[in-house]
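What follows is a set of notes on a single structure, which appears directly below.
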2 protein chains.
Amino acid sequence: MQMDERKKKILRAIIQDYIVTAEPIGSRTIARKFDLGISPATIRNEMSDLEVLGLIEQPYTSAGRIPSDAGYRYYVDCLMVEEELSGEEKEIIERETTRRINEIQEVITHTSKLLSQLTSLTSIVLGPLKGTSAFGQIHFLPYQPGQAIMVMVKDNGVVENHIVDIGFNVTAEELQRVAAVLNQKMRGQSLKTVKKGLLQEIYSELTKQHHLLDKALEMLAVILDGCEEKEQVYLGGTLNMLNQPEFRNLDRVKTLFRFFEEDESLKKLLQPTHEGLNVTIGGENIFKEFHDCSVISATYRIDEETIGAIGVLGPTRMNYSKAMAIVDFMTRMISENLTRGCKR
Amino acid sequence: MQMDERKKKILRAIIQDYIVTAEPIGSRTIARKFDLGISPATIRNEMSDLEVLGLIEQPYTSAGRIPSDAGYRYYVDCLMVEEELSGEEKEIIERETTRRINEIQEVITHTSKLLSQLTSLTSIVLGPLKGTSAFGQIHFLPYQPGQAIMVMVKDNGVVENHIVDIGFNVTAEELQRVAAVLNQKMRGQSLKTVKKGLLQEIYSELTKQHHLLDKALEMLAVILDGCEEKEQVYLGGTLNMLNQPEFRNLDRVKTLFRFFEEDESLKKLLQPTHEGLNVTIGGENIFKEFHDCSVISATYRIDEETIGAIGVLGPTRMNYSKAMAIVDFMTRMISENLTRGCKR
DNA sequence: TTTAGCACTCATCTAATGAGAGTGCTAACA
DNA sequence: TGTTAGCACTCTCATTAGATGAGTGCTAAA
């Protein structure tokens, strides 16, 4: 059995209606709502075929039909008319992403908020990935006795400060020297490289400064500990989920929100499977909690290097064309802006 | 009508039962569950009195009784046996709060998690309040051209970094001088003082350094902008709310979670009305969203100065003695630990 | 003052019923 | 041969009507 033009029209009608109403739709209603020029009976026959093809299904006997995961997949791949964002929407995204924002944290939280607002879905934004940033420079500033503030600037512009315990018998001047050695050896290197290969080298360099002999290794450990990168995940518009009829059930909401609290799992949701826009529909998702959801995600880059990802999460019955257009445009804007920001 | 011993016993029984079951309780059941040595009929008469006194109420005719807000209030003020925390609980709190934690952020997020875990309620932790911290020192570090990293250390130990735009014609050396002036003038002053009184003084001091004449004021504005304090609120265990039968209703959950997203309102929830433990019961709450909830809060201090607050939020039908004991013990531990940390 | 007894109330649970939307099948039609 | 009208049938959902049970208030007796 083949998909002819009429079947396509009917499938599109079913999906588009279901996206809006979240109710199963029957042949009669299709004939009434969409002007296809054929009778309910004919539509019934075609729907029967679509069901055999696995593109639609009945929640129960003698209810209307709803799209199956495969149906959505076919819709996204073959049927959907790609949506052009309105000028207004584009403008908002451009304005908000090109705002002069100094700290990457802000970019992330801001993006997450904007994304959920525009799509009315839940947004997930994944911050700088492990291993994508290298050391820029390290500074030490005096703090309490026995402690110092370590300020670390990474090459992607992220600045972090950590308080490190350095022991009481280390002077400010000694710290300066440590910083000098670290800066010289570590600049442009990733944390991984340092931990794997450079550590011994730095240590022997430091111990040349006889004062530091006994303290050096311990200090290094503490410092590197402070450098430990953690990828951050931001969620936006989690409440939007509660507006979806799919989540009228409290237990469903509970498992959903419990999932939202696990950063590690959230990251996996955004795991890209290929270049460009990733669309994961219903049961395609690796987590069974999201077998009634879809995820649209894409990665953002500085220059050509992927450093993070953004995505939206919503019920399988989401407005794919809109969400895809927004995620796509937004990653492009963020990448441009970040790349420009780093060159500045 | 007076509260005699028997009335008290009955009221206590009603409240304690309701805290556990969340179901209205009737005279017969009270007689069965609690060994008060009187018959259901007698209990009925007393309950009738308690209702006249406004301490209990009927959800509808011929249902059992439930405590009213006034009933809870009476219970908390007069009836409740103050709970002693178990050794184990105390130990956990002590261990977790005296852990060597360098950054105040961590203290806050940690506390919030711990608090919600121990109480099975939602915890709210309010970070350092505006105006409670004074400048310690300011440093500038090189960043991108035209920008610098400003590292600010406050006297309460908080370290923040911000990227500030400083204009292209400012050299590193000039920045050092600015820092020197700022450190000299601002140390120990609050941001408010600086903005109100010191600004002019700093400006005239800076302009003495002839190089900086034209840039000084603009830079100052940018710097002070970066200093702007924002109080942070952390929520923990929001999901605990979903386990309460009071929140079986999705709309209720929605308004609740929507409220949780407004930091400003959350702060008001913790607003202390008097020294020590604050208990706000049901309708006493300023927000009508929480007329079926109670809040137990207390402030924490560094030395004698109040710098923040912690609290738990739960249904009016919460375990007051337990929650109060935990909040009380926890603020004390945090205060001690922070005070010690600052002296270190 | 306390208690037993009794009539009454009201929410909740269950089963029955009917309406409505939709299907599949068959036969007629173009 | 593809399309359509008609019809019997199915299944959910909302509504209704009892039945159940926990609880109350009142009265009268202990």
Side-chain angles (χ1 to χ4, degrees), chain A residues 1-11 13-15 17-18 20-68 71 245-246 248-249, chain B residues 1-11 13-15 17-18 20-68 71 245-246 248-249:
Chain A
M1 201 178 336
Q2 280 294 330
M3 285 295 286
D4 56 26
E5 209 44 53
R6 197 167 66 185
K7 284 194 177 57
K8 286 184 186 175
K9 261 189 195 153
I10 292 174
L11 180 57
I14 293 174
I15 294 184
D17 185 83
Y18 190 64
V20 177
T21 65
E23 295 293 337
I25 186 168
S27 51
R28 224 181 126 69
T29 320
I30 293 179
R32 224 184 300 123
K33 276 195 181 178
F34 299 84
D35 193 21
L36 302 178
I38 42 179
S39 77
T42 313
I43 295 176
R44 251 190 323 270
N45 290 333
E46 296 287 28
M47 282 169 91
S48 177
D49 289 354
L50 287 172
E51 187 158 15
V52 170
L53 287 167
L55 300 173
I56 58 177
E57 51 197 24
Q58 271 181 301
Y60 48 84
T61 337
S62 69
R65 306 302 217 292
I66 60 173
S68 67
E246 280 82 352
R248 257 189 237 136
N249 175 325
Chain B
M1 201 177 337
Q2 278 294 330
M3 285 295 285
D4 55 27
E5 209 43 53
R6 196 166 68 184
K7 284 196 177 55
K8 286 185 188 175
K9 261 190 197 154
I10 293 174
L11 178 57
I14 293 173
I15 294 184
D17 185 82
Y18 191 64
V20 177
T21 65
E23 295 292 336
I25 186 169
S27 52
R28 222 182 128 68
T29 320
I30 293 179
R32 222 183 301 123
K33 276 195 182 180
F34 299 84
D35 193 21
L36 302 178
I38 43 178
S39 78
T42 313
I43 295 176
R44 252 195 316 275
N45 290 332
E46 296 287 29
M47 283 169 90
S48 178
D49 289 354
L50 287 172
E51 185 158 16
V52 171
L53 287 167
L55 299 174
I56 58 176
E57 51 197 25
Q58 273 181 300
Y60 48 84
T61 335
S62 68
R65 305 302 218 294
I66 60 174
S68 68
E246 280 81 352
R248 257 189 237 136
N249 176 325

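The chains referred to below are lettered A, B, ... by the order of the sequence lines, with proteins before strands, and numbering in each begins at 1.
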Calculate, to the nearest 0.5 Å, the distance between atoms [atom1] and [atom2] belonging to [X] and [Y] respectively.
X: A/Leu53; Y: A/Gln2; atom1: CG; atom2: CD; answer: 8.5 Å
X: B/Leu55; Y: B/Leu50; atom1: CG; atom2: CG; answer: 6.0 Å
X: A/Ile43; Y: A/Ile14; atom1: CD1; atom2: CD1; answer: 8.5 Å

Length of the line joining [X]:[atom1] and [N]:[atom2], which is rounded to integer Å:
X: A/Ile43; N: C/dG22; atom1: CD1; atom2: P; value: 12 Å
X: A/Ile10; N: C/dT23; atom1: CD1; atom2: P; value: 11 Å
X: A/Leu36; N: D/dT4; atom1: CG; atom2: P; value: 11 Å
X: B/Ile66; N: C/dA11; atom1: CD1; atom2: P; value: 14 Å
X: A/Tyr60; N: C/dG24; atom1: OH; atom2: P; value: 14 Å
X: B/Asp49; N: D/dC26; atom1: CG; atom2: P; value: 12 Å
X: A/Arg44; N: C/dA21; atom1: CZ; atom2: P; value: 15 Å
X: B/Ile30; N: C/dT3; atom1: CD1; atom2: P; value: 14 Å

Indicate whether OP1 or OP2 belonging to [N] is found under 4.0 Å from a side-chain N or O atom of [X].
X: A/Thr61; N: C/dT23; result: no
X: B/Arg65; N: D/dG25; result: yes
X: A/Thr29; N: C/dG22; result: yes
X: A/Ser62; N: C/dT23; result: no

Considering only residues two or more places apart or on different chains, which pairs with a residue in residues 48-58 of chain A satisfy side-chain hydrogen bond (donor to acceptor under 3.5 Å, both in side chains)? A/Lys7-A/Asp49, A/Glu51-A/Arg65
Name the nucleic acid region contacted by [X], choosing base, sugar-phosphate or nothing; use a 4.0 angstrom heavy-atom cut-off, strictly under.
X: A/Ala63; value: sugar-phosphate
X: A/Ser27; value: sugar-phosphate
X: A/Arg6; value: sugar-phosphate

Between side-chain atoms of residues 23-36 of chain B and protein atoms elsewhere (two or more places apart, or another chain), which donor-acceptor pairs fall under 3.5 Å?
{"from": "B/Ser27", "atom 1": "OG", "to": "B/Arg44", "atom 2": "NH1", "distance (Å)": "3.3"}
{"from": "B/Lys33", "atom 1": "NZ", "to": "B/Asp17", "atom 2": "OD1", "distance (Å)": "2.6"}

Would you kindly compare A/Pro24 and A/Asn45 by the position of their nearest DNA chain C nucleotide and give the one closer to the 5′ end? A/Pro24
